[in-house]
There are 2 protein chains.
Amino acid sequence: MENKIKIILADDEQLFRKGIRFLLEKEECFDVIFEAENGQELIDFISTTEEFPDIILMDLKMPEVNGVEATKIIHKTHSDIRIIALTSYGGKSFITNMIDVGASSYLLKNTSPKTVVHTIQEVHDKGFYYDDEVMKTIHENLLSSSGKRIKCDLDKKLLSKREIEVLELICAQYTTSQIAEKLFISPRTVDGHRNNLLLKTQSKNVAGLVIYGIQKKLIEISPDF
Amino acid sequence: MENKIKIILADDEQLFRKGIRFLLEKEECFDVIFEAENGQELIDFISTTEEFPDIILMDLKMPEVNGVEATKIIHKTHSDIRIIALTSYGGKSFITNMIDVGASSYLLKNTSPKTVVHTIQEVHDKGFYYDDEVMKTIHENLLSSSGKRIKCDLDKKLLSKREIEVLELICAQYTTSQIAEKLFISPRTVDGHRNNLLLKTQSKNVAGLVIYGIQKKLIEISPDF
DNA sequence: TGAAAATCAGGTATTAATACCTATTGTAAA
DNA sequence: TTTACAATAGGTATTAATACCTGATTTTCA
């Protein structure tokens, strides 16, 4: 068969890539043409290659450029490439966010190989597909008030780049003056940013900012074992 | 060949399990006898089966019972079973922690299938094996050990009941005097508790305390969905 | 291009947090 | 019955955070 579905895997874990590559290549109709270990590598490949993929399996958590950003960029420039999010995180905001930036499907890593194969075929044929479990989450999200959605969208746009930088450093336990040094700006400016952060996130103090940062995944916290 | 190396996979991501299972079963000498999707399932299997594995590939982040706890328990009761940590977290504390509770090796998910195969064989033959990259981390840790060990011990010291109460209220964005009111104690006492918290958790300020609380799950944060 | 937003930065207060002290009491374990 | 530690609380400083002003550039975008 000539018309194999051309697939790219984007995931920072080599072992996972190799594993799923084997699972996919058991199928006659799939051809894994490239593996990227981060978003930048993926974008670089797409922008230089002459062999475009039909499908990209995209992890969200990747160094350099994450899955959401990569999806956003690739979807803008190559809207014919279908992107399937493939991640271990099943939070509503991630699902809706990924779909928002152009993903055609959303798979949890804790699904069966069969489901992955089926999803790829469906996405290739119809342009989209959602697993029952993911569909349920989407459904719940639609149910839970259109009011919250607007708030959610506002929330995301709320913080500026600089504010996020400051927030990250606050969460890293730096003081105002230390942050000022690191960003090469006046402590006063940092003060202003922190103030805006408190206002925008409706927090009372740094404790609130840290919680906000973690909730919004602006800050990564290493899990405790 | 009769003497295949019997392997158990413990990981919460089904896709990852299936993928690595294929990679391993390409090797003649490996036999994957069981897959567990969390620590409890693994412990249950070990304690009821009559077919013991030679090797367990153990993820750290798992629901119910995590990889560290599972390793601790299994190593105590079945010290002949070799446990290889297989995770995406490469932090020093994770590595030394796992070795401390009985792991024979530590692999990052971002390694090649070849390395995994080699590690399993080495661990089965010699009882231990460390990849160059991991060895480097261990080496670095040993270099800077004597001073930090004490800190590690402090880290393990539990917080008292009262301290946890105070920590919760700090995370809830209350000020010292507000906390004092709520607990019917003097602000000074709260001050002392907060100070002890900073010492015990090795934090610089409330930001550190909040992160500690969330990491240790002393504080629940409602996800942003 | 013109308006809106982001970024920068200064002044002046007040309040809160943090760093060192010391010391009493009760309780639980060795 | 010592020992240890948790919980209590006071004193005295210093530093950091927060509140409320103001205004000047630069960027972005419709």
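Sequence lines set the chain letters: A, B, ... in the order given, protein chains first and strands last, and positions in each chain run from 1. As the structure is a prediction and not an experimental result, all values here were calculated from the model. Both backbone and side-chain heavy atoms feed into the values below; hydrogens, waters and symmetry mates do not.
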- Task: Tell me, please, which residues at least two apart from Asn110(B) pass side-chain contact (heavy atoms from CB on, under 4.5 Å).
- Result: Gln14(A), Glu37(A)

- Let me have a per-nucleotide readout for nucleotides 15-26 of chain C, 5' to 3', with B, S or -, counting only protein heavy atoms under 4.0 Å. --SBB-------

- Task: Please report, rounded to the nearest Å, how far the P atom of dA6(D) is from the CD1 atom of Ile164(B).
- Result: 12 Å

- NA contact type, Thr189(B), heavy-atom cut-off 4.0 Å: base, sugar-phosphate, or nothing? base

- Quickly work out the Asn196(A) CG to dA5(C) P distance and round it to whole Å. 13 Å

- Message: From C-beta outward on Lys200(B), which listed nucleotide comes closest to its side chain: dA7(D), dA9(D), dA6(D)?
- Response: dA6(D)

- Apply side-chain contact (heavy atoms from CB on, under 4.5 Å) to Glu35(A) and list each qualifying residue two or more places apart in sequence or on a separate chain. Leu9(A), Arg17(A), Lys18(A), Arg21(A)

Can you tabulate the close N/O pairs, meaning under 3.5 Å, that link protein atoms to atoms of nucleotides 28-30 of chain D?
none

- Query: What pairs with Glu165(A) under salt bridge (Lys or Arg N to Asp or Glu O under 4.0 Å), at least two apart in sequence or on another chain?
  - Reply: Arg162(A)

- Could you list all the salt bridge (charged side-chain N to carboxylate O under 4.0 Å, His left out) pairs where at least one residue sits in residues 46-57 of chain B, not counting sequence neighbours? none

- Rounded to the Å, how far apart are Leu183(A) CG and dA6(C) C1'? 15 Å

- Item | Residues which pass side-chain contact (heavy atoms from CB on, under 4.5 Å) with Ser104(B), listed by chain and number, not counting sequence neighbours | Arg82(B), Val123(B)

- Message: Rounded to whole Å, how long is the line connecting atom CD1 of Ile179(A) with atom C1' of dA9(C)?
- Response: 16 Å

- With a 4.0 Å cut-off on heavy atoms, is His193(A) in touch with a base, just the backbone sugar-phosphate, or nothing at all? sugar-phosphate

- Using the C1' atoms of the five pairs at each end, what is the angle between the end axes of the helix from dT1(C)-dA30(D) to dA30(C)-dT1(D), to 10°? 70°

- Task: Name all residues meeting the ring pair (Phe, Tyr, Trp, His ring centres under 6.0 Å) criterion together with Tyr129(A); count only those two or more places apart in sequence or in a different chain, and write none if there are none.
- Result: His118(A)

- Which ring-ring contact (aromatic ring centres under 6.0 Å, His included) pairs, counting each pair once, include a residue from residues 39-61 of chain A, with sequence neighbours left out? Phe34(A)-Phe45(A), Phe52(A)-His78(A)

- Query: Relative to Phe16(A), does Lys109(A) satisfy both conditions: NZ or CZ under 6.0 angstrom from the six-membered ring centre, and within 45 degrees of the ring's axis?
  - Reply: yes

- Item | Atom-pair distance (CG on Leu199(A); C1' on dC20(D)), nearest Å | 11 Å

What side-chain donor-acceptor pairs closer than 3.5 Å can you find for residues 182-189 of chain B, not counting sequence neighbours?
| unit_1 | atom_1 | unit_2 | atom_2 | d |
| --- | --- | --- | --- | --- |
| Ser186(B) | OG | Arg188(B) | N | 2.9 |

- Item | Partners passing side-chain contact (heavy atoms from CB on, under 4.5 Å) against Ser177(B) (at least two apart in sequence or in another chain) | Thr175(B)

